[in-house]
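Read through the structure below, which is laid out as structure tokens, and then see the notes.
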2 protein chains.
Amino acid sequence: MKIGFLGPKGSFSHHVAQEAFPTDTLVAFENITEVVKAYETGEVDYSVVPVENSIEGSVHETLDYLFHQAAIHAVAEIVQPIKQQLLATAADKPVEKIFSHPQAIAQGKKYVRQHYPQAKIEMTASTAYAARFVAQHPEENYAAIAPRSAASEYGLQIIAENIQEMAENFTRFWLLGQSIPTLSLYPKEKKITLALTLPDNLPGALYKALATFAWRGIDLTKIESRPLKTALGEYFFIVDINNEKEDLVSFAMKELEAIGITYKILGNYTVYTISEQ
Amino acid sequence: MKIGFLGPKGSFSHHVAQEAFPTDTLVAFENITEVVKAYETGEVDYSVVPVENSIEGSVHETLDYLFHQAAIHAVAEIVQPIKQQLLATAADKPVEKIFSHPQAIAQGKKYVRQHYPQAKIEMTASTAYAARFVAQHPEENYAAIAPRSAASEYGLQIIAENIQEMAENFTRFWLLGQSIPTLSLYPKEKKITLALTLPDNLPGALYKALATFAWRGIDLTKIESRPLKTALGEYFFIVDINNEKEDLVSFAMKELEAIGITYKILGNYTVYTISEQ
């Protein structure tokens, strides 16, 4: 099978794709829209896309594309703990300049200030880009803050491990596909993600929508409004719903329809966790 | 007065600071946390921080910091339409490489593919960084996708105007300060932003919280759950509330307290719009 992921190689998306599909062909794409489109057009069998980071929040490029354009949905979710490493071409070199994505820089700032107070910081568009750039300039005293998998991908040394400040940093990835994949990963819970479009003025209708779940004791694990883009001030709502009581959830969804609230299923999936990398 | 903003110069934050405080001293900071801290420690009198982009969503670095650490809040909101320009050191040069932030690249991709199909694309951490980098390399055939204000800041030529694909792209900025500033901008509406912490299991309590507003006919313009970071699966909720009926909103807030829902006021502000730049 062919699996699409958000490149370049050595990214967290790449690691998730490797863990989920260790023996398949993995194909890197430049941005999230390209990854989703690759699945949509049949170029790949599954696509791996990030949907939410615990610090940065929802990945709107993914969720908005699925809501507005695509008739596809998530068949599995993989939760990846985010740990950042300091990488260089050799362990014994001085470090004059450190490259990384702004969020990874913010996470590693305390460590860097303590151990490399003289190093200059340069921001890049992603951690994997930073690692690739450092690997391409072995003559310079450069380092990158990037995932562990970027070290093996680009032949870099880990000169400091797990330098991030915040312990709880993880990213949710969705597998987009037609059928539920067989994954040799540890299953955690079942969830369903709906995008609700409300027929009415916001507070009353949202309140009714939540009532259909609240009355049945069904937990929502996330709620977020997103602009509909048709008119300013109109919204749709992304809700993540605990789907352990599948019967009750399906009754609640029927009730939503009955009271005129339309929804699109963005995902119906088991959540898997993978080990820190 | 001294005003802090998210640098480098020529960024959208810089433009907002200039529009709001045309005669004051503007000070650039490296990241959002530094901008907020500059106000917290009294280094500046007001800070300008982004809170939400209509495409990318909430800026969690801002909202989380205000919720978790700071006892300060927004006293005004400024909405900035986002338009992207193609900038170079001279108008008649060929363009071999185009630099910008991933979102601006996505927005300008269609234009670039049509007019510069041979150009290579390089991602940077922000649009203003891209403009500064292009200005620093006049000997190269480089261009940047960046705001109009970056052109004057770095002495670049606008070689193509408003190249973004999506018409509706705007960013909300908050002014953090002690007192309401006198702005010679066009006022639009009054809003209040609360961070709610629910005492109970999520669906029932959120449903009750929304009821206090729904029953009074008060519009919510945004709702978003955010992880509390104390325990996995616990959340706080950011709600933006239309504050035109101030009495009714204050009754609703008293009722929230009465039923055991605690809140922190993140902002109580008039919304201003500024012209496209």
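Naming convention: chains lettered A, B, ... in sequence-line order (proteins, then strands); numbering from 1 in each chain. Keep in mind that the numbers below use all heavy atoms, side chains included, and drop hydrogens, waters and symmetry copies.
Considering only heavy-atom pairs separated by less than 4.5 Å from chain B, the leading option among A/Ala209, A/Ser126, A/Ser225, A/Ser58 is A/Ser225. Ranked by heavy-atom pairs shorter than 4.5 Å toward chain B, the options A/Glu52, A/Lys109, A/Glu122, A/His101 are led by A/Lys109.
Taken to the nearest 0.5 Å, the CD1 atom of A/Ile223 stands 7.0 Å off from the CG atom of B/Leu210.
Between B/Trp215 and A/Tyr207, the two ring planes are perpendicular [angle over 60°; tilted spans 30° to 60°].
Taking a 6.0 Å sphere around NZ of A/Lys191, one finds it holds more than 12 heavy atoms contributed by other residues, nucleotides or ligands.
Residues B/Glu30 and A/Met123 share a closest heavy-atom pair of O-CE, 4.0 Å.
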